Number of protein chains: 2
Amino acid sequence: MELINQIAAIPLFEGLPPDQLKDLARIVVTKVIKRGQMIFSEGDEGTGFYVLISGRVKIFKLAPDGKEQILHIPVPGEPFGEVPVFAGERFPAYAEALEDSRSLFFPRSAFVSLVKRNPALTLNMMAVLARRLRRFTTMIENLSLKEVPGRLAAHFLYLSERKEGAGELRLDISKNQLASLLGTIPETLSRILARMAKEGLIETVGQRQIRILNRAGLEALAEGGKRLS
Amino acid sequence: MELINQIAAIPLFEGLPPDQLKDLARIVVTKVIKRGQMIFSEGDEGTGFYVLISGRVKIFKLAPDGKEQILHIPVPGEPFGEVPVFAGERFPAYAEALEDSRSLFFPRSAFVSLVKRNPALTLNMMAVLARRLRRFTTMIENLSLKEVPGRLAAHFLYLSERKEGAGELRLDISKNQLASLLGTIPETLSRILARMAKEGLIETVGQRQIRILNRAGLEALAEGGKRLS
DNA sequence: CGTGCGCTTGACTTTTTTCAATAAAGGTGG
DNA sequence: CCACCTTTATTGAAAAAAGTCAAGCGCACG
């Protein structure tokens, strides 16, 4: 039962008794998504939520002129599209695969009835929602109170925290996507990377590798205590 | 039993059986907050959450230079400060009373044990979190993809939806606070209001009253299909 | 009655975007 | 394996949007 093991490995379902894992396995649908394919659109009816198993997807908002703001890039094991399960019925954003991906889809009604019977699952799901709220408040803070160099510095520091201790970090998305995640455009991002390098804060190795040379400098930038010249 | 009635009137607790309302009444603490008083600060340990009963509070982020970004202004009956109950333990933002206010405080552990026993309460709380996520995604979208005139137009339309049908609407916060809610500064807000009035989109009546003269124009602004000259 | 705070307006600066051109990279099919 | 073509990234110059600094008005509150 490959499927049951996959479900059991999802943090959201940690602590569920085996029989309830089996219940989940009965209602779940595996979805395979090709790179570039849309998973859902803003305004679509949300009849359930997803958990990313492998690959990479982006959750984003879209302006009429085509500009995107990425809200979230789930890591494997993380749920997405869960808001309409609990309020509002429709997806508040778009989801598209950045790479060929695989996810599990949990239909709403079966999941809700499971929630009703299982307090541990309830608390896990609330923790997921609360963590995402926390990240969004940080995002709002960054967009509103920091300039682009500060946002970028904060992002580098964030990445370096969750990776190995070395000052080397690998961007797992393209610079276009990174710009969209930071609420700016590729040209601006490119210029700011160049300025950071010129000031000796970072060094770029290839296109997707960044080495942090001056962590304190980045922290000062992220906190607004310093500017790039 | 004034208190029980107040608790029963809170949407979050809708559908709770009387004995559980009594449980809540036993653990709840009434907090009276004076205008200008801090309720909690970012980083404080969150030992429970609040429900606003009367008055007005702002939930906001603070930049080192003192600039504020308001995240949320709960209406009476709405909970706030609930994120640390479910994840992370510390408040992600500041809360301060804009007017003399009264709120109920629910200690975390007692509330969590109640959640575990009550599926309806669970689903209500998840709906609260999911709705807030939805609002934050809209906020991120506005900050990133709209310019200030578009954000202001969207805000007016939002206010006019939840009030009476007339094109007249009353701002319930100062323009300084409104600027902070929209992610800008009072000077910019002032200029844009003047431009909107000059273009015949709105008319300002006194300092806190706005009359919408051209709803379609505001909608075009909010959708990015038009610009102020 | 004065002081202070909220609000407005002007002039200027800074930041970011836009438009355009070019260069580099990556994947596909021959 | 290479040539081609689309996507991704960089750089420059100009424009636009928003923020800063400063001054002044008016109303409310003590």
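Keep in mind that what you see is a predicted model, and the values were worked out from it rather than measured. Throughout, a chain's letter reflects where its sequence line sits, starting with A, and its residues are numbered from 1.
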*Just the dot-bracket of DNA chain D, please: which string comes out with Watson-Crick or G-U pairs under 3.5 Å, [ ] for crossing, | for another strand?*
||||||||||||||||||||||||||||||
*asked:* Tell me every residue that passes ring-ring contact (aromatic ring centres under 6.0 Å, His included) with B/Phe105, counting only those two or more places apart in sequence or in another chain.
replied: B/Tyr50
*asked:* Taking any atom closer than 4.0 angstrom to a non-hydrogen atom of chain B, what span of DNA chain C does the protein reach, first nucleotide to last?
replied: C/dC7 to C/dA11
*Give one of base, sugar-phosphate or nothing for A/Arg208, where a contact means two heavy atoms less than 4.0 Å apart.*
nothing
*Sole residue of A/Phe40, A/Phe91, A/Phe111, A/Phe80 in ring-ring contact (aromatic ring centres under 6.0 Å, His included) with A/Phe49*: A/Phe111
*With sequence neighbours excluded, tell me which residues meet ring-ring contact (aromatic ring centres under 6.0 Å, His included) with B/Phe86.*
none
*asked:* Tell me every residue that passes salt bridge (charged side-chain N to carboxylate O under 4.0 Å, His left out) with B/Glu147, counting only those two or more places apart in sequence or in another chain.
replied: B/Arg227
*Using a cut-off of strictly less than 4.0 Å between a heavy atom of the residue and any atom of DNA chain D, enumerate the qualifying residues of residues 174-187 of chain A by number.*
A/Ser174, A/Lys175, A/Asn176, A/Glu187
*First and last nucleotide of DNA chain D in contact with chain B, 5' to 3', at under 4.0 Å to a heavy atom: what are they?*
D/dA17 to D/dC21
*Could you tell me whether the side chain of B/Pro92 reaches within less than 4.5 Å of the side chain of A/Thr138, counting heavy atoms only?*
no
*Which residues share a salt bridge (charged side-chain N to carboxylate O under 4.0 Å, His left out) with A/Glu42, sequence neighbours left out*: A/Lys61
*Polar contact flag, side-chain donor to acceptor under 3.5 angstrom, A/Arg151-A/Thr184*: no
*B/Glu199 side chain vs B/Ser229 backbone, donor-acceptor pair below 3.5 Å*: yes
*In residues 142-149 of chain A, what residues come within less than 4.0 Å of DNA chain C, judged by heavy atoms?*
A/Glu147, A/Val148, A/Pro149
*Salt-bridge contact B/Glu78-B/Arg132 (side-chain N to carboxylate O under 4.0 Å)*: yes
_So, using salt bridge (charged side-chain N to carboxylate O under 4.0 Å, His left out) as the criterion, who are the partners of B/Arg170 when residues are at least two apart?_
none
_CZ-CZ distance between A/Phe136 and A/Arg131, expressed to the nearest 0.5 angstrom_ = 13.5 Å
*asked:* I'd like to check the salt bridge (charged side-chain N to carboxylate O under 4.0 Å, His left out) partners of A/Asp172; sequence neighbours left out, ordered by chain and number.
replied: A/Arg56
*asked:* Using the side chain to side chain donor-acceptor pair (under 3.5 Å) criterion, which residues pair with B/Ser144? Sequence neighbours excluded.
replied: A/Gln69
